[in-house]
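Shown next, in C-alpha cells, is the structure this report addresses.
Per chain, numbering begins at 1; letters A, B, ... match sequence-line order.
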Amino acid sequence: MNYNFSEIEKKWQDIWDKKESFKAINGGDKKKYYVLVEFPYPSGSGLHVGHVRSYTALDSLARLKRAQGYNVLFPMGWDAFGSPAELYAIKNKVYPANMVKDCIGTFKSQIKSLGLSFDWSREFATTDPEYYKWTQWQFLEFYKEGLAYKAEKEINWCPNCKTGLSNEDAAGGVCERCGHATTKKLKNQWMLKMSAYADSLIEGLKDTEFLDKIKTAQINWIGKSIGAEVDFKLKDTDDLLTVFTTRCDTLFGVTAMVLSPEHEYLEKYKDKISNYDEVVKYQEEARQKSEIERTDMTKDKTGVKIEGLLAINPVNNEEVEIWISDYVLSSYGTGAIMMVPAHDERDYAFATKYNIPIIHVIANKDSKEETGVYIGDGLHINSGFLDGLNKEEAIDKMIEFLEKNKVGRKKINYRLQDWIFSRQRFWGEPIPMVYCSKCGWEPVPENELPVILPDVPSYEPTDNGESPLSTVEDWVNTTCPKCGGPAKRETDTMPNWAGSSWYWIRYMDSKCENGIADMDAMKYWGQVDLYNGGMEHATRHLLYARFWNQVLFDRGIVPVREPFKKRVAHGMILGENNEKMSKSRGNVVNPDDMVKNYGADALRTYEMFIGDYSKDASWSENGLKGCKKFLDRVYRLQSKLNDSEEYSKELESDIHKTIKKVTNDIETMNYNTAVSALMILLNSYDKMDCITRKDYRTLLHLLNPIAPHITEEVNEICKLGTPFTESPWPEYDENKMITDSYEIGVQVNGKLRASIEVTADEDKETIKGKAFSNENIKKYIEGKEIVKTIIIPNKIVSIVVK
RNA sequence: GCCCAUGUGGCGGAACAGGUAGACGCACAGGACUUAAAAUCCUGCGGGCUUUAAAUCCCGUGCCGGUUCAAGUCCGGCCGUGGGCACCA
C-alpha cells in the first residue's frame, strides 16, 4: 500500500488555507488560549531543523487546544531589522528591503510545507512601516514618561561593527553581532531607564510560571545586592567620597580607598594630585584595554596611589590613602570602594602587592593566627562598638550608626544598567527625535509617524561613529516641531530588540491603525499563555520584553503587567556527530530535503520523538526513517478495518489509557512519550486480526496534532468521520481503563522472587494467599519466621522473613 | 568561586506520587518471504556465572554512605559533564 505523501500534504495544506481553519477570532464564547513561538529572523540560509522542532511542538499543542474547544491564537511574523540583512546590503550595495522580502518568502513557503497551523491573517514584519510606526510611537511614550533620555556615558563599543551596544549585547566583553572584543567609549546615547524597573522585574517573576533556570538567569542578571553607602570625607575639601559596600560591618578594617580610573574626582582635583601625570597614564591604559582584558581575573592587579588626596573614615576619623585601579568598575555602585584587605580577596591581592596595611576585624573561627584573608563569619574584633558581634548584628548596628550620624545609609544596588538604545547602524527603526539648537531634543509629532527609514548612499558604518543616516542631508535637515526653526533628525537607529519587545501585542490586532492594538483585543487575549524560545534570550529579549510591557502597563496602554504566563525553552538539535550544526562543520541538515524524502509528517513525528523537548538532541536520519516506518504502518492498518463503530473489547482499555496519556503528554510537552504511547498502541492493533472503525479513528485522531496530513487523509479515505480540524478531541473513561487481571511482583526481603497474576476484584488476603503458595516464593520463606507482609494492590507484594 | 541543570545498555531515551529498571525507537545479529535485492514480517539483544546451556542465581541507573519491607527516584558527602553569572565591592 503505497501513498504519495507529498501530494497528500499539499492537498491538506491547501484545504486548511482555503477554509481558514486556523484563523483566530477576537472574542466569542470559547475560552482563549494564546500560544507563541519566537518569530524568526528571516536569514538567507533558510529554515533550520531546530525551527521545525519548536514550531511543531507548539503546533501540536495548538491543534490539541483547538480540538478541546479553545479559541487558539497561534501567530507568526518576522523579526527583520538587524545585522544579517544589513551585512547583505553592504556587500551587494542594495536596499535591504527586497532581500528581506525574498527571505520572508522562502521562510514562509518552508514553514507552510510543514503544515503548521499558524494564523497567517495576522502576519507582519518588524520592518513594515505600519509596524515600526508604533515601535516609534512607543519610544515616545518612554520619552514622555522620562524613561528615555540621551546621555553621555561610557558605553560598550564594538570597534568592528562601529556601534554602541547594550550590556546585554556585550555580555562577557564580546560583541553579540560579530564576536569581536568590545571596548568602552564615551558617547552620547539614547538610554531606556531599565534600572528603574529592576525590582519590578524581579517581583514580576513571582506571577509567572517560567522555568526555574530562566527565572534564575534573570535574577542573576539583575543582580540585586543589599548593602550600604558610606560617606568618607575628602580631606581638605567639602566633598564626600561615597562608596557602596555589602559589608559595612568591616569599616574598622578599611586601610585604603580605591577609585575606578574613570572617577570624576580625579579630574576635579587634578591640581591637588601631585602625581597627576601617572594617573592620566593609567587612565589611558585602562581605556585602551578591551573588556575581556580588563576583567580577566587571572591577571595581576595594577593601580596607582593618588598623592595629595586622603579620605577620612567616618567611624574612627582616621586618614585613609586613596588609589585608583581598574578592578573597580565605574558602572557599578559609586565607582569607588573602601578597601578591607583582611576580608576581601581582591583587596587582599591588591594590598599585598602594594604594601597596604591589613587590619583584621573578624576573628577566624578555625584559626588563632591572623594571617591572610578571611571571608568567613565570626565575631568582630578591633572594631570599637562592634566588638563581639557576629556579621548580621554588626551590619545592623553599623547601619544604625551611619544613619544616626548622617555618614551613610542602607542602600540596594543592582547590576542591571539602563538599556543603551542607540545604534550607529543603518538597518533599524529611526529614533523619532529632532534636535533644535534652540529647543533641544523634541519628539517628532505623532501625526508625522512613522519616520520612514530613507535609502542611503552607503550602508556601511562610518569611521566617525555616526550612523550612515547622517549622510542623507535632506532627511537629516528638518524643522523643529516646537519653534519651526531649522533642526536635525536623530540619525541613530533602534537596536534589533526594539521590534521584538512588543510583537506579541500586535498579533492580537495586527491591522490596528489607531494604536498598537485595540484595548478590547488586548483585554480579550490577555497574557500569552505559553511562550517558547531559546535559552539565549533569557536575559535579553525576555528581559527587554518584560520591561517594555511593564512600562506600557504603568502608562495604561496594555491591560496586563506580565506579558507571558509561562515560558519554556527547547533544546538544540545537534548534528549527527553531536556537535552544533554549522556550515563549517558540514553537519547541517536541511529540513526541505527531509520533507521531500520522508514527508513533513515523518519529520514532525521524528522531531517530537527525538527526546526530551527541553534538552539538546542529536540528529539521526535512521531515527527519522523509523518514524516514517511507523506512519507507513499506521497507513497500512486500513486493510484490517471491519465495519464496527465501537471499540474492540480487547483494545478498549489500552485505547482509553492512550487517550489519557497522549492528551497529558502534549499538554505537558512530553512529546517523545506521546509518540511512544502511540507506537505501543499501534503494536497492539497490529497483533489483532481486524480492528474497528472507531479503534482506527481514535488512533488517527490522537496522532493528528503531530502528523496532521496523513491522519486527515486516511480518515477521509476510510470515511471514518469529519476532518479532525473540525472534530472534538477524543474522551477517555477512567472506568474503562481497568483491566481484568494484571501481574504484580513478589519480593522477599527486598528482592524480586516471583511475579503473580492477580484479578482486579481480588482482596489483599487472596493476593497474599497466591503469593505464599507460589513455588519460588516457598523456597525463600520455608522454615523462616514471617516478620511482615506488605501488599499494595496494583504495585507489589513484599514479604520480610527472618 | 557562586547559581541552575544533568549523569540509566552500543545509541536516542522510558520509569506516574519510593513499588517488577531499561518502555518505545535506532543500530546490530539470526530467521521467513524473494531467483536476488529492497520493502515487509518473526525472534534475540545490560553484564556475569570464564571452553554445552540455562534459570525468578548473582551484579547492575557516576562514586561512597544513610533512611526504608522496598531507592534510578528521598537524605548527606564526593566526582564528572553542560549552561548562566563573575574583579559587581
Side-chain angles (χ1 to χ4, degrees), chain A residues 2 171-172 211-225 227 243-248 250 258 294-299 301 325-329 331-340 344-347 349-350 375 413-417 535-536 538-539 578 606 609-612 614-627 629-630 632-633 636 660-661 664 670 672-683 686 743-756 774-777 779-780 787-790 792 794-801:
Chain A
N2 280 322
L211 293 177
D212 270 348
K213 61 175 172 179
I214 295 172
K215 287 190 183 181
T216 325
Q218 295 212 341
I219 290 167
N220 285 347
W221 186 264
I222 296 166
K224 182 174 185 171
S225 149
V243 297
F244 173 73
T245 176
T246 53
R247 293 301 302 274
C248 61
T250 62
V258 190
R294 227 184 120 157
T295 55
D296 177 7
M297 290 194 300
T298 58
K299 78 160 200 241
K301 296 226 177 334
S325 174
D326 64 5
Y327 82 89
V328 176
L329 309 174
S331 56
Y332 186 76
T334 62
I337 61 157
M338 60 186 213
M339 181 192 276
V340 187
D344 181 286
E345 287 186 65
R346 297 152 302 181
D347 295 348
F350 194 80
I375 2 211
N413 240 312
Y414 300 91
R415 212 190 66 101
L416 184 75
Q417 307 278 307
M535 265 317 279
E536 71 275 15
T539 54
N578 282 325
Y606 171 61
F609 186 60
I610 194 168
D612 186 330
S614 63
K615 290 187 195 145
D616 292 352
S618 300
W619 181 262
S620 154
E621 192 153 340
N622 277 327
L624 171 55
K625 284 179 192 167
C627 288
K629 212 156 84 177
F630 163 65
D632 290 348
R633 285 173 62 204
R636 285 200 301 267
K660 185 178 181 183
K661 175 146 183 71
N664 253 310
N670 291 113
N672 54 337
T673 48
V675 175
S676 125
L678 290 167
M679 287 172 169
I680 294 169
L681 190 64
L682 171 67
N683 288 345
D686 252 350
E743 290 216 329
I744 65 169
V746 182
Q747 295 180 341
V748 180
N749 284 351
K751 293 208 163 157
L752 187 73
R753 297 301 181 189
S755 179
I756 55 170
N774 179 283
E775 286 305 317
N776 206 48
I777 296 301
K779 281 202 299 203
Y780 289 94
V787 181
K788 204 196 265 188
T789 306
I790 296 149
I792 299 164
N794 278 310
K795 301 233 159 129
I796 203 111
V797 177
S798 185
I799 305 164
V800 187
V801 296

All N/O contacts under 3.5 Å from nucleotides 17-22 of chain B to the protein, with atom names and distances to one decimal?
residue: B:G19; atom: N2; partner: A:Q747; partner atom: OE1; Å: 3.4
residue: B:U20; atom: O4; partner: A:E743; partner atom: O; Å: 2.5

Assign A:N622 to base, sugar-phosphate, or nothing according to its heavy-atom contacts below 4.0 angstrom with the strands shown. sugar-phosphate
Let me confirm one number: the CG-OG1 distance from A:N220 to A:T216, rounded to the nearest 0.5 Å. 6.5 Å
Kindly say if A:R753 contacts the phosphate of B:A70, meaning a side-chain N or O under 4.0 Å from OP1 or OP2. no
Both distances below 3.5 Å, Watson-Crick or wobble geometry, any strand: find the nucleotide opposite B:G60. none
Measuring from the side chain of A:N683 (C-beta onward, heavy atoms only), which nucleotide among B:C87, B:G25, B:A89 has the closest atom? B:G25
Phosphate-side-chain proximity, A:Y780 and B:C57, N/O vs OP1/OP2 below 4.0 Å: yes
Looking only at side chains, do A:Y327 and A:D347 share a donor and an acceptor under 3.5 Å apart? yes
Using purine N1 to pyrimidine N3 plus N6-O4 or O6-N4 for Watson-Crick, or N1-O2 and O6-N3 for G-U wobble, each under 3.5 Å, what pairs with B:U34? none
Now, which nucleotide makes the Watson-Crick or G-U wobble pair with B:C28, with each of the two distances under 3.5 Å? B:G44
Euclidean distance, A:L678 CG relative to A:T673 OG1, rounded to 0.5 Å: 10.0 Å
Contact pattern, 5' to 3', of nucleotides 7-15 of chain B - B, S or - by protein heavy atom under 4.0 Å: -----BSS-
Going 5' to 3' through nucleotides 44-49 of chain B and flagging B where a protein heavy-atom sits under 4.0 Å of the base, S where only the sugar-phosphate is that close, and - otherwise, we get ------
Separation between OH of A:Y606 and CH2 of A:W619, rounded to the nearest 0.5 Å: 6.0 Å
Return the nucleotide paired to B:C2: Watson-Crick means purine N1 to pyrimidine N3 with N6-O4 or O6-N4, wobble means G-U with N1-O2 and O6-N3, both under 3.5 Å. B:G84
Just checking A:G626: base, sugar-phosphate only, or nothing, at a heavy-atom cut-off of under 4.0 Å? sugar-phosphate
Could I get a table of every N or O pair under 3.5 Å where one atom is in the protein and the other is in nucleotides 59-61 of chain B?
residue: B:C59; atom: OP2; partner: A:K751; partner atom: NZ; Å: 3.3

Within the 4.0 Å heavy-atom criterion, would you say A:V675 contacts the bases, only the backbone, or no part of the nucleic acid? nothing
Could you measure the distance from the SG atom of A:C627 to the CG atom of A:N622? Nearest 0.5 Å is fine. 11.0 Å
Indicate the atoms forming the closest heavy-atom contact of A:T539 with A:A217, along with that distance. CG2-O, 3.4 Å
Distance-only polar pair, side chains of A:N664 and A:K661, donor-acceptor under 3.5 Å: no
Atom pairs, N/O to N/O, protein against nucleotides 66-68 of chain B, distance under 3.5 Å?
none

To the nearest 0.5 Å, how far apart are CG in A:D612 and CG in A:N670? 7.0 Å
Closest nucleotide of RNA chain B for A:M338 versus for A:A677: which of these residues is on the 5' side? A:A677
Mark yes when over 12 heavy atoms from residues, nucleotides or ligands other than A:E345 sit less than 6.0 Å from its CD; otherwise mark no. no
Give me the atom names and distance for the closest heavy-atom approach of A:W221 to A:A171. CH2-CB, 4.0 Å
If you assign A:K625 and A:V800 each to the RNA chain B nucleotide with the nearest heavy atom, which residue ends up on the more 5' nucleotide? A:K625
Go through A:S618 and A:N578 one step at a time and tell me if the side chain to side chain donor-acceptor pair (under 3.5 Å) criterion holds. CA-CA 5 Å; A:S618 300; A:N578 282 325; 2.3 Å; yes
Euclidean distance, atom CG of residue A:N749 to atom P of B:A70 [Å, nearest integer]: 8 Å
Taking only N/O atoms, report every protein-nucleotides 39-42 of chain B pair under 3.5 Å with atom names and distance.
none

Chi-based syn or anti call at B:G9, which uses purine or pyrimidine torsion atoms and a 90° bound: syn
